Protein chains: 2
Amino acid sequence: MPVAKGSTIDPDRTRAAILDAATPVLYERGLDGIGVAELCARLGISKETLYRHFGTKDGLVRAVLEARSDRVTRSLAEAVAAAGPEPADQLAAVFAVFQQTYDEPRFRGCAMLNAAAQHHVEPVRALTARHLDRYLDTLTGIAERAGAADPRLLGRQLLMLVEGATVVATHHGPADAGDHALRAALTLLAAAS
Amino acid sequence: MPVAKGSTIDPDRTRAAILDAATPVLYERGLDGIGVAELCARLGISKETLYRHFGTKDGLVRAVLEARSDRVTRSLAEAVAAAGPEPADQLAAVFAVFQQTYDEPRFRGCAMLNAAAQHHVEPVRALTARHLDRYLDTLTGIAERAGAADPRLLGRQLLMLVEGATVVATHHGPADAGDHALRAALTLLAAAS
DNA sequence: GCGAGATCGTACCGATCGGTTCGATCCGCG
DNA sequence: CGCGGATCGAACCGATCGGTACGATCTCGC
């Protein structure tokens, strides 16, 4: 997946193209599982180009993770918004989004969690924490709309189900992970109001 | 934490001592976050000794993870056994064990999940999968004793709560993670019979 | 006390790491 | 056309990687 070659020389566009192309490679190989040289070769760019745009391999990594977190968060919010006003439907939408990612042939677990487990530099861990906070916001919002007695508690429990479903899907097979987690989530929802 | 120096020259004992000493270092620094040279310096052994006992850095890693999985699984089984016959009490024991690890000052997430996220060699991922299977066995056993309509489903949902609690404790703070997960687990338990 | 084997410390190996530099090329703008 | 900046490709840097080799030292069993 080389960066488009004949494209107009436009720094912003080049940067975005590098980001897009680097994302799946870093995800599949692991942040430290591929060197800058091989990475650039795969992207079809020179090392100098990469370093001018991102300064550091870490800079690229952070940019990739930030973009990924933004994209996932946005798609989750859209799915919830499209699910209508019923909290149960919104939960179903959430887990459907996740099941979709579990079923991707190249699924290798949550990119943010993997990154935090690999890369021990603080800024990356902070990105992961922020990512979970975003999930928590979404889930707590559903809990509030459901009239839960303790929406923050329920939100955190739902977050546990989401993350647990991802872990189980990663290491124990993706089949029905989203559905099983959803059923548990609906049970919690029903019991919390 | 150097390996005991004046100890009798006993290969088996040396091997075990290396294993014990290497475990926390590899956990804190990450499997690939520390080189063999620095690792040996920390353990107070020479590289030749390490390579004679484990053949490869990967060999050491596998041995460390295997021992850790065995130890954790055993302590979990003991806690469940000591909790008496009530499934609810057994669940409480399970999450109490996990909360104890969350509260350790050096807690950095589940060692097996971290390993799988870092080290993409197949054998390590297999160890992680086996580790989750052991958890699943324990939890499914509790679900069966509770008379759940679908104990395998409930077992998997409990596994999601356990792993989700670990993830949340890792990235969102350990406070009450075990307790919140336990309350969710008890709700599922009550609804499943 | 002697030999076998475990261990140490250190030097060394080729490979790869992240990052820099430089000359050549190519493109868009004036 | 010509200039400036983006890009390339390749060489290069010091550091570190996992792993090996070797001579010296130590401890045990005989």
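Side chains are part of it too, since the values below use all heavy atoms of this structure and drop only hydrogens, waters and symmetry mates. Nothing here was measured: the structure is a model prediction, and the numbers come from that model. In what follows, chains are A, B, ... by sequence order, proteins preceding strands, each numbered from 1.
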[X] side chain N/O closer than 4.0 Å to the phosphate oxygens (OP1, OP2) of [N]?
X       : N     : value
A:Thr49 : D:dA6 : no
B:His53 : C:dT7 : yes
B:Thr14 : C:dT7 : yes

Quiz item: A:Lys47 side-chain donor-acceptor pair to C:dG19 base, under 3.5 Å: yes
Side-chain donor or acceptor of B:Gln157 paired with backbone N/O of B:Ala185 under 3.5 Å: no
Can you check the [X] [atom1] to [N] [atom2] distance for me, whole Å?
X       : N      : atom1 : atom2 : answer
B:Arg29 : D:dC17 : CZ    : P     : 9 Å
A:Leu26 : C:dG18 : CG    : C1'   : 14 Å
A:Ile45 : D:dC8  : CD1   : P     : 6 Å
B:Glu48 : D:dT25 : CD    : C1'   : 13 Å
B:Phe54 : D:dG18 : CZ    : P     : 16 Å
B:Lys57 : D:dG19 : NZ    : C1'   : 12 Å
A:Asp32 : C:dG19 : CG    : P     : 11 Å
B:Leu39 : C:dG9  : CG    : P     : 15 Å

A:Tyr51 or B:Ser46, whichever maps to the more 5' nucleotide of DNA chain C: B:Ser46
A:Arg42 side chain reached by A:Arg29 side chain, heavy atoms, under 4.5 Å: yes
Donor on one side chain, acceptor on other, B:Ser69 and B:Arg134, under 3.5 Å: yes
Among B:Leu139, B:Ile142, B:Leu188, the one residue meeting side-chain contact (heavy atoms from CB on, under 4.5 Å) with B:Leu154: B:Leu188
